[in-house]
Amino acid sequence: MPHKSRRPFLKTWFPLLMVGTATVGMLLNGVLDIDAAEKVGVNRVTPELLVVFIGGMDSDPTPAEIAGTARANQGNSGMFQLCNQLDDERLVCEYFNWNGTRAGKIQTSPPPMTASIVDRIHEHIRQFPRSRIVLVGNSWGGHTAWQVADEIARSDHPLAIKQVIFLDASSTGRAVDRHPKELPININNALHYYTHNVFCWGQWSENRLQAIDLGDPQLGYSKDGTPNYSSAFDFQAHVAAEWDPRIHTEIKTAVMRLLTTR
């Protein structure tokens, strides 16, 4: 499998990120130290992308989903099923619950939270230094995706995150602010699908973020008002977004498009 990502920054480079616009540009464009990666003999059978899916508050996959016996679009985790639909040898796809647990383990106490996801990403990059990173977070999983990117940006080994896809992300009950004030500096770009539910992020303008209003009738995500993505208090519409086949198709398309771009 071809391999087109970058290696983590050396620890001594990170202070430059904070003071040099050129260094910031290098990070945002995914330009990391690849000299050592060239020396390890990376070949054309390594993955190009690590895609990490992060589910919402109650979206732990069922035993049938985990076993692969659940019917399509039936179960408890649209994110888990979407993760398994991306079947391409150039991708490594991983699923986590919002609290950092693996599928079927959401009740683990104490939960590992972001540490397990960050560790998995760094482990992947150590194995495949040129691989790129994509995060897809639904509901509380969107908040976790933001935290993961921020933690990686602030770590001793910061990495560029090629793309983050937020699916009706929510910070309600997890943070004081309705949504984070800005994207972490290491995110190249982001997609933000949002309903009008008051407990979700809703509209958010950021230079690197493309916002997609699911409640805009001109975009056609709702048919005859169903799901009612424009409602301020329709929790079922929030749940429906996780399973929306059109959104799933668009997310898969966005991920696959990254395989043809640097």
Query - Geometric class of the His122/His157 ring pair [parallel <30°, tilted 30-60°, perpendicular >60°] - result: perpendicular

**Report entry** CD on Gln127 to CG on Leu50, rounded to 0.5 Å
**Finding:** 10.5 Å

Report task. Consider only side-chain N and O atoms of Thr114 and Gln147, and report whether a donor and an acceptor are under 3.5 Å apart. Result -> no

Report summary line: Closest non-hydrogen contact found for Ala169 with Gly142 is CB-CA, 3.8 Å

Query - From CA spacing to verdict: salt bridge (Lys or Arg N to Asp or Glu O under 4.0 Å), Arg246, Asp244 - result: CA-CA 6 Å; Arg246 176 177 168 184; Asp244 191 310; over 6 Å; no

Query raised in the report: Is Tyr194 linked to Trp146 within one hydrophobic cluster, defined over Ile, Leu, Val, Met, Phe, Trp and Tyr using a side-chain heavy-atom separation of less than 4.5 Å?
Result: no

Query raised in the report: In Å and rounded to the nearest 0.5 Å, what is the NE2 to OG1 distance from His248 to Thr253?
Result: 12.5 Å

Query - Test item: side-chain donor near acceptor, Asp234 and His196, under 3.5 Å - result: no

Query - Any pair counted as salt bridge (Lys or Arg N to Asp or Glu O under 4.0 Å), so long as it reaches residues 139-150, sequence neighbours left out - result: Asp150-Arg154

**Report entry** Whether Tyr193 and Tyr221 hold their rings parallel, tilted or perpendicular, with breakpoints at 30° and 60°
**Finding:** perpendicular

Query raised in the report: Quick one: are Cys200 and His238 in side-chain contact, heavy atoms under 4.5 Å?
Result: yes

Report task. Take Met256 and Leu91 through the side chain to side chain contact (heavy atoms under 4.5 Å, CB included) test and state the conclusion after the steps. Result -> CA-CA 9 Å; Met256 298 305 292; Leu91 306 176; 3.9 Å; yes

**Report entry** Cluster check Phe53, Leu259: I/L/V/M/F/W/Y, side chain < 4.5 angstrom
**Finding:** yes

Query raised in the report: Just wondering, do Leu209 and Ile187 contact through their side chains at under 4.5 Å, heavy atoms?
Result: no

Query raised in the report: Are the side chains of Gln203 and Asp213 in touch, meaning some heavy atoms are under 4.5 Å apart?
Result: no

Query raised in the report: Looking at Pro112 and Ser116, what are the two nearest heavy atoms and their distance?
Result: CG-OG, 3.6 Å

Query - Rounded distance [0.5 Å steps], CD1 in Ile212 versus CG in Leu219 - result: 8.0 Å

Query raised in the report: With no hydrogens and no angle check, is any side-chain donor or acceptor of Arg132 less than 3.5 Å from a backbone partner on Gln163?
Result: no

Query - Single-linkage hydrophobic cluster Leu258~Leu82, side-chain heavy atoms < 4.5 angstrom - result: yes

Report summary line: Residues Trp204 and Ala211: closest non-hydrogen pair is O-CB, 4.1 Å

Query - Sequence-distant partners of Arg174, salt bridge (Lys or Arg N to Asp or Glu O under 4.0 Å), two or more places apart - result: none

Query raised in the report: Should Gln210 and Asn189 count as side-chain neighbours, where that means a heavy-atom distance under 4.5 Å?
Result: no

Query raised in the report: Strictly by modelled atom types, are Thr62 and Asn76 linked by a side-chain donor-acceptor pair under 3.5 Å?
Result: no

Query raised in the report: Do side-chain atoms of Glu206 reach the backbone of Leu183 as a donor and acceptor pair under 3.5 angstrom?
Result: yes

Requested in this report: Classify the angle between the aromatic ring planes of His124 and Phe128 as parallel (below 30°), tilted (30 to 60°) or perpendicular (above 60°).
Outcome: tilted

Query raised in the report: What is the minimum heavy-atom distance between Ala241 and Thr195, and which atoms define it?
Result: CB-CG2, 4.5 Å

**Report entry** Under 3.5 Å donor-acceptor, Asp60 side chain and Gly104 backbone
**Finding:** yes

Query raised in the report: If you group Ile, Leu, Val, Met, Phe, Trp and Tyr by side-chain heavy-atom gaps below 4.5 Å, do Met57 and Leu135 land in one group?
Result: no

Query raised in the report: Is the backbone of Gly202 close enough, under 3.5 Å, to the side chain of His192 for a donor and an acceptor to pair up by distance?
Result: yes

**Report entry** Under the side chain to side chain contact (heavy atoms under 4.5 Å, CB included) test, residues paired with Thr108 that sit two or more places apart
**Finding:** Thr101, Lys105

Requested in this report: Using the six-membered ring wherever Trp is involved, compare the ring planes of Phe199 and Phe235 and label them parallel, tilted or perpendicular (cut-offs 30° and 60°).
Outcome: tilted

Query raised in the report: Do Ile133 and Ile152 come within less than 4.5 Å of each other through their side chains, counting heavy atoms only?
Result: no

Query raised in the report: Is there a donor-acceptor contact under 3.5 Å linking the side chains of Thr226 and Asn228?
Result: no

Requested in this report: Working to the nearest 0.5 Å, report the span between CE of Met79 and CD1 of Ile165.
Outcome: 9.0 Å

Report task. Report yes or no: is the cationic atom of Arg102 (NZ for Lys, CZ for Arg) under 6.0 Å from the centre of the six-membered ring of Tyr95, at an angle within 45° of the ring normal? Result -> no

**Report entry** Residue pair Ile54 / Asn97: nearest heavy atoms and the distance that separates them
**Finding:** CG2-O, 3.8 Å

Requested in this report: Indicate whether any N or O donor in one side chain lies under 3.5 Å from an N or O acceptor in the other, for Ser77 and Glu65.
Outcome: no

Query raised in the report: Can Val136 and Leu167 be said to form a side chain to side chain contact (heavy atoms under 4.5 Å, CB included), step by step?
Result: CA-CA 7 Å; Val136 183; Leu167 177 51; 5.6 Å; no

Query raised in the report: With distance as the sole test, does Glu48 use its side chain to make a donor-acceptor pair with the main-chain N or O of Arg90 at under 3.5 Å?
Result: no

Report summary line: All heavy atoms of Ser171 vs all of Asp177, minimum pair found to be CB-O, 3.8 Å

Requested in this report: Using a strict 4.0 Å threshold on nitrogen-to-oxygen distance, state whether Glu123 and Arg126 make a salt bridge.
Outcome: no

Report summary line: Rounded to the nearest 0.5 angstrom, the CD1-CH2 distance for Ile117 and Trp98 is 11.0 Å

Query - Derivation of the side chain to side chain contact (heavy atoms under 4.5 Å, CB included) call for Leu214 and Ile247 - result: CA-CA 10 Å; Leu214 299 176; Ile247 297 174; 3.8 Å; yes

Query raised in the report: Just by modelled atom types, is the Thr172 backbone N or O under 3.5 Å from a matching donor or acceptor in the Trp140 side chain?
Result: yes

**Report entry** Test item: Asn186 side-chain N/O and Leu159 main-chain N/O as donor-acceptor pair under 3.5 Å
**Finding:** yes

Query raised in the report: Checking Asn99 side chain against Ile106 main chain: does a donor-acceptor pair fall under 3.5 Å?
Result: yes

Query raised in the report: Side-chain contact, heavy-atom cut-off 4.5 Å: Gln81 with Asn84?
Result: no

Query - Pairwise distance OG(Ser170) to NE2(His179) - rounded to 0.5 angstrom - result: 11.5 Å

Query raised in the report: Taking side chain as C-beta onward, heavy atoms only, is Lys252 less than 4.5 Å from Leu86?
Result: yes

